Amino acid sequence: MMKMLRSWRVLLWHVVLRVSYHVVTASLCREGSDIFASVRENSPTGEFISNISIAAGPQANTIRLCLTGRNANWFYLEGRTIRLNSLVSRVLDREVEGSVLIAELTCYENDIIQGNYRILVEILNENDNRPNFLLETIQPFTISELTAVNSVVFTVKAIDADGDVISYIIDPSSQDAQFFRIDLPNSGKVVLNKPLDYEMRTHLQLIVWAQESNTVDKFNTSAVLTINIKDGDDQYPHFLPCTPVSPGVPICTNPTYTANITQKHQDMALEFSPGPIRAEDGDRGINTSLTYTILSGGDQDRFVINNSTGEIRLTRAVDDRRLTPNFKLTIMVCQVDDRLKYSVASVLVRVLYENTFPPTFNRTIYKGFIIQSSSPASIVSTYGNQVLQVQVSDLDFTDGLNPNIHYSLHPPSGLYQVTQGGVLIARTDQLHDFDRQILQVNSPPVLTDESSHSGRAFGRQSGSFHGRQGVYTRRPSLLPPPSSSHQSEPTESRSTPPHPPSSSSSHLITVVEKDEGGAHTWEALKSPGESTGVHVGNITLNTGTPLQDDNIKPD
């Protein structure tokens with residue numbers, strides 16, 4: 001009995017000892033707790049996270065701690081301390097990893113898990129990101145030129161990875177900043193500040209800044225926006241050529257179109273100056289179809305206009321030029337789709353005389369004299385101290401007098417001028433005694449190019465409105481007579497010296513019919529000693545005192 005009782009006591013003691021051992025060893029792992037800590041993003045490796053509350057005891061060699069879980073690779077153990085495990089190539093970034101790192105601390109005793117503890121580490125934000133525009137909000141876009149002022153035309157949007165508040169600013173130095181404004185800086189809504197005009201600008205450029213408004217750093221970024229202007233139907237058509245009323249203003253002064261006809265013309269398309277009659281839509285980006293109409297002056301369909309092209313035709317001849325020397329028409333062009341958008345121009349059709357005959361000189365040879373003096377200018381005179389006057393007659397006029405005859409020198413002479421009455425004026429202070437100039441007037445069928453001395457011929461065509469042209473030349477000055485300074489040269493054969501000076505030049509006198517009828521222009525070109533064409537008139541000018549020469553008879 002005593003022996004049995006001793007055995008039970010021994011067994012109970014062993015049980016008590018075993019239970020006591022497990023309690024002691026297990027209490028070390030179970031002394032721990034969940035860990036809550038924080039660390040700033042971009043912190044260096046080894047940054048302190050937290051201490052572990054499990055303390056070492058006599059049986060510490062039986063305890064093993066291990067980090068596990070989703071973000072365990074961001075930590076490492078140094079004794080009973082948890083530290084940050086960042087690398088140069090792997091920086092802790094809150095915007096990448098999120099706001100919290102989660103891991104577990106596992107406590108082993110004799111390779112048996114005796115406790116698990118949560119590790120929650122908050123990543124503290126640092127202002128290490130700049131705002132970035134959303135690409136879809138800064139792409140090129142199009143707005144109509146008819147967009148109302150003070151309306152929102154587009155919205156820009158930027159995001160900041162740090163979550164900072166963004167405000168938007170239009171760069172005042174950008175090229176077209178005056179066209180836009182932002183009323184609410186945090187909204188990104190851009191408002192039209194002034195009217196758009198496609199005819200002045202088809203593209204605009206704008207710089208917008210996005211800036212942090214709640215940080216000390218005030219990080220910002222910019223974007224260049226391209227705004228394309230769409231043409232709106234806000235301009236009226238205008239006739240061409242367009243003469244702006246003032247520089248930079250897209251408003252045209254319409255031309256007056258002019259055409260010439262005679263009583264013989266009928267059933268023909270008229271040619272205008274400046275022409276042809278044509279208009280274009282003021283909205284260059286739309287180019288709406290146009291239609292033409294004669295508002296007044298059509299004279300019972302004597303003049304008709306092509307509604308599409310603007311061509312005006314004369315349908316029947318003029319009855320009497322003396323009754324209707326001119327026709328004045330008013331024409332209108334308007335948009336086909338909006339006839340309230342129109343423009344008006346004037347057309348003048350002049351009825352001219354029939355121009356059948358060219359003007360002819362009233363004599364073939366003119367003799368003129370100039371008294372040498374210090375006076376700057378004097379009128380060239382002829383025999384009997386009469387004024388030398390070049391005159392032409394025109395058989396298109398009953399009295400032979402064409403009031404539209406025009407005389408001119410080509411190129412302008414430094415020694416002579418001809419008035420519109422045919423009077424010749426000389427620069428006497430630049431002439432010398434015994435000088436003789438011969439201005440030959442010819443009307444040749446073939447013109448010889450005197451400047452090349454090659455006999456090259458030029459063909460000239462005549463037309464009822466363009467006329468024929470001729471050239472007048474000056475012969476070289478003659479040497480003074482060897483014997484007497486008062487002896488005149490009576491014959492044409494003596495008018496050209498055997499050896500003319502090489503410095504001689506040619507002058508052109510042009511006779512032109514203007515305004516009335518088909519304007520004729522005659523130029524006769526004749527080199528000294530040549531007889532090309534038909535002589536119309538010669539003007540021989542002598543410097544000195546005129547003496548009567550029996551061998552020279554005026555025509």
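This one's a predicted model, so the numbers in the text were calculated from it and none came from an experiment.
- Judged by distance alone, with hydrogens and angles left aside, the side-chain atoms of Arg83 form a donor-acceptor pair with the main-chain N or O of Gly46 at under 3.5 Å.
- Looking only at atom types and distance, the side chain of Gln263 has no donor-acceptor partner in the side chain of Asp320 under 3.5 Å away.
- Between Leu206 and Phe154, some side-chain heavy-atom pair lies under the 4.5 Å cut-off.
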Next item on the list: Evaluate the side chain to side chain contact (heavy atoms under 4.5 Å, CB included) criterion for residues Leu270 and Val349: first the C-alpha distance (whole Å), next the side-chain angles of each, then the deciding distance (0.1 Å), finally the verdict.
Entry: CA-CA 9 Å; Leu270 301 183; Val349 180; 4.1 Å; yes

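- Classification of Arg313 and Asp267 as a salt-bridged pair holds, one side-chain N sitting under 4.0 Å from a carboxylate O.
- Atom CZ of Phe48 is separated from atom CG of Leu84 by 12.0 Å, given to the nearest 0.5 angstrom.
- Put simply, the side chain of Leu92 does not reach to within 4.5 Å of the side chain of Glu47, judged on heavy atoms.
- Contact of the Thr155 side chain with the Val190 side chain is not registered, since no non-hydrogen atoms from C-beta on lie closer than 4.5 Å.
- Ser273 and Thr258 are not linked by any side-chain donor-acceptor pair at a separation below 3.5 angstrom, with hydrogens and angles left out of the test.
- Looking at Asn127 and Glu212, their side chains do bring a donor and an acceptor atom within 3.5 Å of each other.
- The backbone N or O of Gly232 lies less than 3.5 Å from a partner atom in the side chain of Glu145, making a donor-acceptor pair.
- The shortest side-chain heavy-atom distance between Ile82 and Ile119 falls under the 4.5 Å cut-off.
- The number of heavy-atom neighbours closer than 6.0 Å to OH of Tyr342, taken from other residues, nucleotides and ligands shown, is 12 or below.
- Applying the salt bridge (charged side-chain N to carboxylate O under 4.0 Å, His left out) definition to pairs two or more places apart or across chains, those involving residues 165-192 are Asp176-Arg201, Arg181-Asp183.
- Distance check: Arg350 CZ to Thr324 OG1 gives 14.5 Å after rounding to the nearest 0.5 Å.
- The CG atom of Leu192 sits 6.5 Å away from the OG1 atom of Thr147 when rounded to the nearest 0.5 Å.
- Put simply, the side chain of Tyr236 does not reach to within 4.5 Å of the side chain of Gln335, judged on heavy atoms.
- Counting heavy atoms of neighbouring residues, nucleotides and ligands inside a 6.0 Å radius, atom CD of Glu280 exceeds 12 of them.
- Atoms OG and CG, from Ser289 and Asp337 in turn, are 8.0 Å apart once rounded to the nearest 0.5 Å.
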Check: Do Ser167 and Asn186 pass the side-chain hydrogen bond (donor to acceptor under 3.5 Å, both in side chains) test, and can you show the C-alpha distance, the side-chain angles, and the key distance before you say yes or no?
Finding: CA-CA 4 Å; Ser167 60; Asn186 293 335; 4.7 Å; no

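- Between Phe239 and Tyr292, the angle of the ring planes lies from 30° to 60°, which puts this pair in the tilted group.
- A donor-acceptor contact shorter than 3.5 Å is absent between the side chain of Asn71 and the backbone of Leu101.
- In this structure, Asp217 contributes its side chain and Phe219 its backbone to no donor-acceptor pair below 3.5 Å.
- When atom types are taken as modelled, the side chain of Gln205 and the backbone of Gln175 share no donor-acceptor pair closer than 3.5 angstrom.
- Side-chain contact between Val208 and Ile169 is absent, with no heavy atoms from C-beta onward closer than 4.5 Å.
- Although no hydrogens or angles enter the test, the distance criterion places a donor-acceptor pair under 3.5 Å between the side chain of Arg321 and the main chain of Val351.
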Notebook entry, point to check: Would Tyr407 and Thr419 count as a side chain to side chain contact (heavy atoms under 4.5 Å, CB included) if you check the C-alpha gap in whole Å, the side-chain angles of each, and the deciding distance to 0.1 Å?
Noted result: CA-CA 7 Å; Tyr407 303 92; Thr419 70; over 6 Å; no

Notebook entry, point to check: Is there a side chain to side chain contact (heavy atoms under 4.5 Å, CB included) between Asp319 and Arg302 once you walk through the steps?
Noted result: CA-CA 11 Å; Asp319 301 326; Arg302 186 186 302 274; 3.7 Å; yes

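- Proximity of Asn307 to Ile305: side-chain heavy atoms (C-beta onward) are separated by under 4.5 Å at one or more points.
- The heavy-atom pair separating Arg316 from Leu314 by the smallest distance is O-CD1, 3.3 Å.
- In this structure, the side chain of Asn254 engages the main chain of Val344 through a donor-acceptor pair within 3.5 Å.
- Nearest heavy-atom pair across Leu240 and Pro255 is O-CG, 3.7 Å.
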Note to self: Using the rule given for side chain to side chain contact (heavy atoms under 4.5 Å, CB included), can you reason through Ser99 versus Ile123, listing the C-alpha separation, both sets of side-chain angles and the distance that settles it, and then say yes or no?
What the structure shows: CA-CA 5 Å; Ser99 59; Ile123 303 176; 5.7 Å; no

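- Here the OG-CZ distance, from Ser174 to Phe180, works out to 9.5 Å after rounding to the nearest 0.5 Å.
- Phe133 and Tyr168 have tilted rings, their planes meeting at an angle from 30° to 60° on a 0 to 90° scale.
- For Lys328, the NZ atom sits in a loose shell: 12 or fewer heavy atoms of surrounding residues, nucleotides or ligands are nearer than 6.0 Å.
- For the 3.5 Å distance criterion, the side chains of Thr243 and Thr253 fail to qualify, holding no donor opposite an acceptor.
- Sparse packing is recorded around CD of Gln300, with 12 or fewer heavy atoms of other residues, nucleotides or ligands lying under 6.0 Å away.
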Check: residues 157-166 side-chain donor-acceptor pairs under 3.5 Å, at least two apart:
from	atom 1	to	atom 2	distance (Å)
Asp160	OD1	Asp162	N	2.7
Asp162	OD1	Asn129	ND2	2.9
Asp162	OD2	Asp128	N	3.1
Asp162	OD2	Asn129	N	2.8

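- Between Ile312 and Phe272, the closest side-chain pair of non-hydrogen atoms falls below 4.5 Å.
- Closest approach of Val156 to Ile138, counting heavy atoms only: CG1-CG2, 4.4 Å.
- Between the side chain of Asn220 and the main chain of Trp209, no donor-acceptor pair closer than 3.5 Å is present.
- Summarising the geometry of Tyr76 relative to Asn85, their closest heavy-atom pair is CD2-CB, 3.8 Å, with the distance given to 0.1 Å.
- Between Pro195 and Phe179, the shortest heavy-atom distance links the atoms O-CE2, 3.5 Å.
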Check: When you look at Thr330 and Ser296, which way does the side-chain hydrogen bond (donor to acceptor under 3.5 Å, both in side chains) test go after all the steps?
Finding: CA-CA 5 Å; Thr330 302; Ser296 64; 3.3 Å; yes

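- Counting all heavy atoms, side chain and backbone alike, Thr291 lies closest to Arg339 at CG2-NH1, 3.6 Å.
- Summarising the geometry, atom OH belonging to Tyr198 is positioned 10.0 Å from atom CD1 belonging to Ile229; distances are rounded to the nearest 0.5 Å.
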